[in-house]
Q: 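The structure's right below; bear with me while I get my questions together.
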Amino acid sequence: MTDPIADFLTRIRNAQMAGVKEVHVPYSTVKENIAKVLEKNGFLASVKKDDNGKFPELVVTRVDKEITLKRISKPGQRIYVKYDEVRKVLNGFGIAVISTSKGLMTGYEARAQKLGGEYVCEVS
């Protein structure tokens with residue numbers, strides 16, 4: 001697999017289309033941090049790390065509302081932005097996830113702290 005973050009977002013999208021509430025994805029700290037940002041902003045219900053199996057998993061519980069996930073920066077073409085270049089997603093109804101030197105955060109937090117970084121994805 002060349003892009004585990006895109007796979008993570010696709011699994012959430014597929015679960016949404018199938019009507020499944022709980023999604024199990026292979027664990028990584030980046031995926032966990034993205035999921036925590038989405039949980040903090042109300043796009044996911046809960047995020048837990050499950051160490052019971054052979055390999056650790058991330059258990060993500062979706063909310064009932066429909067969300068749109070779009071990967072921006074890809075392994076073949078990384079997209080970096082300055083703090084003043086982070087645009088609003090859906091006129092403020094969505095969020096941008098930015099990977100900064102102080103960790104993953106929303107576009108609003110990155111603008112407030114005047115931090116730029118990699119434009120990971122958009123959620124609306």
Side-chain angles (χ1 to χ4, degrees):
M1 174 181 344
T2 59
D3 191 3
I5 296 172
D7 178 63
F8 168 66
L9 298 175
T10 301
R11 285 177 189 235
I12 293 173
R13 251 184 267 129
N14 289 345
Q16 178 177 302
M17 287 189 287
V20 178
K21 289 290 274 181
E22 203 171 76
V23 183
H24 295 264
V25 295
Y27 177 82
S28 79
T29 54
V30 174
K31 292 177 197 174
E32 182 180 28
N33 291 334
I34 291 172
K36 284 183 179 179
V37 168
L38 297 179
E39 179 186 21
K40 186 175 107 179
N41 288 284
F43 291 103
L44 294 177
S46 69
V47 178
K48 294 180 285 194
K49 182 180 177 184
D50 183 20
D51 288 324
N52 292 336
K54 186 176 180 181
F55 297 104
E57 285 185 335
L58 197 62
V59 180
V60 177
T61 308
R62 297 183 318 100
V63 293
D64 287 333
K65 67 180 182 179
E66 194 168 318
I67 60 174
T68 304
L69 301 163
K70 184 179 178 188
R71 179 84 159 117
I72 303 296
S73 182
K74 299 175 176 130
Q77 182 180 15
R78 300 288 185 187
I79 306 295
Y80 296 96
V81 293
K82 297 177 185 171
Y83 76 92
D84 56 350
E85 294 174 348
V86 178
R87 62 182 192 266
K88 289 184 179 179
V89 179
L90 252 133
N91 290 330
F93 288 104
I95 62 167
V97 179
I98 309 291
S99 176
T100 67
S101 59
K102 294 190 178 176
L104 282 157
M105 60 182 68
T106 65
Y108 299 112
E109 295 168 342
R111 276 194 300 268
Q113 296 182 21
K114 297 193 176 193
L115 292 171
E118 183 181 352
Y119 202 114
V120 179
C121 64
E122 290 180 347
V123 184
S124 56

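For the single chain, residues carry numbers from 1 onward in sequence order.
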Q: Rounded to the nearest 0.5 Å, what's the gap from CZ on R13 to CD on Q16? Could you check?
A: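 Result: 9.0 Å between the selected atoms.
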
Q: Working to the nearest 0.5 angstrom, can you tell me the gap between S28 OG and N33 CG?
A: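 It is 8.5 Å, given to the nearest 0.5 Å.
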
Q: A side-chain contact here means heavy atoms from C-beta on lying under 4.5 Å apart; do P4 and K31 qualify?
A: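 Yes - at least one pair of side-chain heavy atoms lies under 4.5 Å apart.
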
Q: So I95 and F93, do their side chains get closer than 4.5 Å, heavy atoms only?
A: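 In short, these two side chains do not touch, never coming nearer than 4.5 Å.
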
Q: Using side-chain hydrogen bond (donor to acceptor under 3.5 Å, both in side chains) as the criterion, list what pairs up with R71, not counting sequence neighbours.
A: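 Result, side-chain hydrogen bond (donor to acceptor under 3.5 Å, both in side chains) vs R71: D3.
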
Q: For a quick test of reading the model, state the closest non-hydrogen atom pair linking R111 to Y83 and the distance between them.
A: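 Scanning both residues, the minimum pair turns out to be CG-O, 3.1 Å.
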
Q: Are C121 and L9 packed together at the side-chain level, in the sense that at least one heavy-atom pair is separated by less than 4.5 angstrom?
A: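 Sidechains of L9 and C121: in contact.
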
Q: Does the side chain of T68 reach to within under 4.5 Å of the side chain of V123, using non-hydrogen atoms?
A: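 Result no, sub-4.5 Å side-chain heavy-atom pair not found.
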
Q: Can you tell me how far apart NZ (K49) and CG (N52) are? Round to the nearest 0.5 Å.
A: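 So the NZ of K49 and the CG of N52 are separated by 11.5 Å.
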
Q: Which residues satisfy the salt bridge (Lys or Arg N to Asp or Glu O under 4.0 Å) test with R11, sequence neighbours excluded?
A: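 Residues passing salt bridge (Lys or Arg N to Asp or Glu O under 4.0 Å) with R11: D7.
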
Q: For residues G107 and V86, report the shortest heavy-atom separation together with the two atoms involved.
A: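 Smallest heavy-atom distance, with atoms named: CA-CG1, 3.7 Å.
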
Q: Look at the side-chain heavy atoms of Ile, Leu, Val, Met, Phe, Trp and Tyr, link any pair under 4.5 Å apart, and say whether I34 and Y80 land in one connected group.
A: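 The answer is no; the residues belong to distinct hydrophobic clusters.
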
Q: Once rounded to the nearest 0.5 Å, what's the spacing between atom CZ of F8 and atom CD of E32?
A: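 Reported to 0.5 Å precision, the distance equals 10.0 Å.
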
Q: Sorted by first residue and then second, give each side chain to side chain donor-acceptor pair (under 3.5 Å) pair with at least one member in residues 97-108; sequence neighbours left out.
A: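 Listed by first then second residue: nothing to list.
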
Q: For residues 112-119, dump all side-chain donor-acceptor pairs below 3.5 Å to protein atoms at least two apart in sequence or in another chain.
A:
{"residue": "E118", "atom": "OE2", "partner": "S73", "partner atom": "OG", "Å": "2.7"}
{"residue": "E118", "atom": "OE2", "partner": "R78", "partner atom": "NH1", "Å": "3.0"}
{"residue": "Y119", "atom": "OH", "partner": "E122", "partner atom": "OE2", "Å": "2.8"}

Q: Could you check whether atom CG of N91 has more than 12 heavy atoms from other residues, nucleotides or ligands sitting under 6.0 Å from it?
A: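 Result for CG/N91: open.
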
Q: Report the residues that fulfil salt bridge (Lys or Arg N to Asp or Glu O under 4.0 Å) with R62, sequence neighbours left out, ordered by chain and then residue number.
A: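 With sequence neighbours excluded, R62 shows a salt bridge (Lys or Arg N to Asp or Glu O under 4.0 Å) to no residue whatsoever.
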
Q: Does one hydrophobic cluster hold both V81 and V89, with members joined at side-chain heavy-atom distances below 4.5 Å?
A: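 Linked, V81 and V89 end up in one cluster.
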
Q: Could you give the side-chain donor-acceptor pairs of residues 36-48 under 3.5 Å, partners two or more places apart or in another chain?
A:
{"residue": "K40", "atom": "NZ", "partner": "E109", "partner atom": "OE2", "Å": "2.5"}
{"residue": "N41", "atom": "ND2", "partner": "V37", "partner atom": "O", "Å": "2.8"}
{"residue": "S46", "atom": "OG", "partner": "T61", "partner atom": "OG1", "Å": "3.1"}

Q: Measure the spacing between CD1 of I79 and CD1 of I98 and express it to the nearest 0.5 Å.
A: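 Output value for this atom pair is 11.0 Å.
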
Q: Is the shortest heavy-atom distance from the side chain of V120 to the side chain of I5 under 4.5 Å?
A: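 In contact.
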
Q: With the 4.5 Å side-chain cut-off for hydrophobic clustering, are V63 and V25 part of the same group?
A: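 Result: no, two separate clusters.
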
Q: Within the 4.5 Å heavy-atom criterion, are K70 and S124 side-chain neighbours or not?
A: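 Of all side-chain heavy-atom pairs linking S124 with K70, none is under 4.5 Å.
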
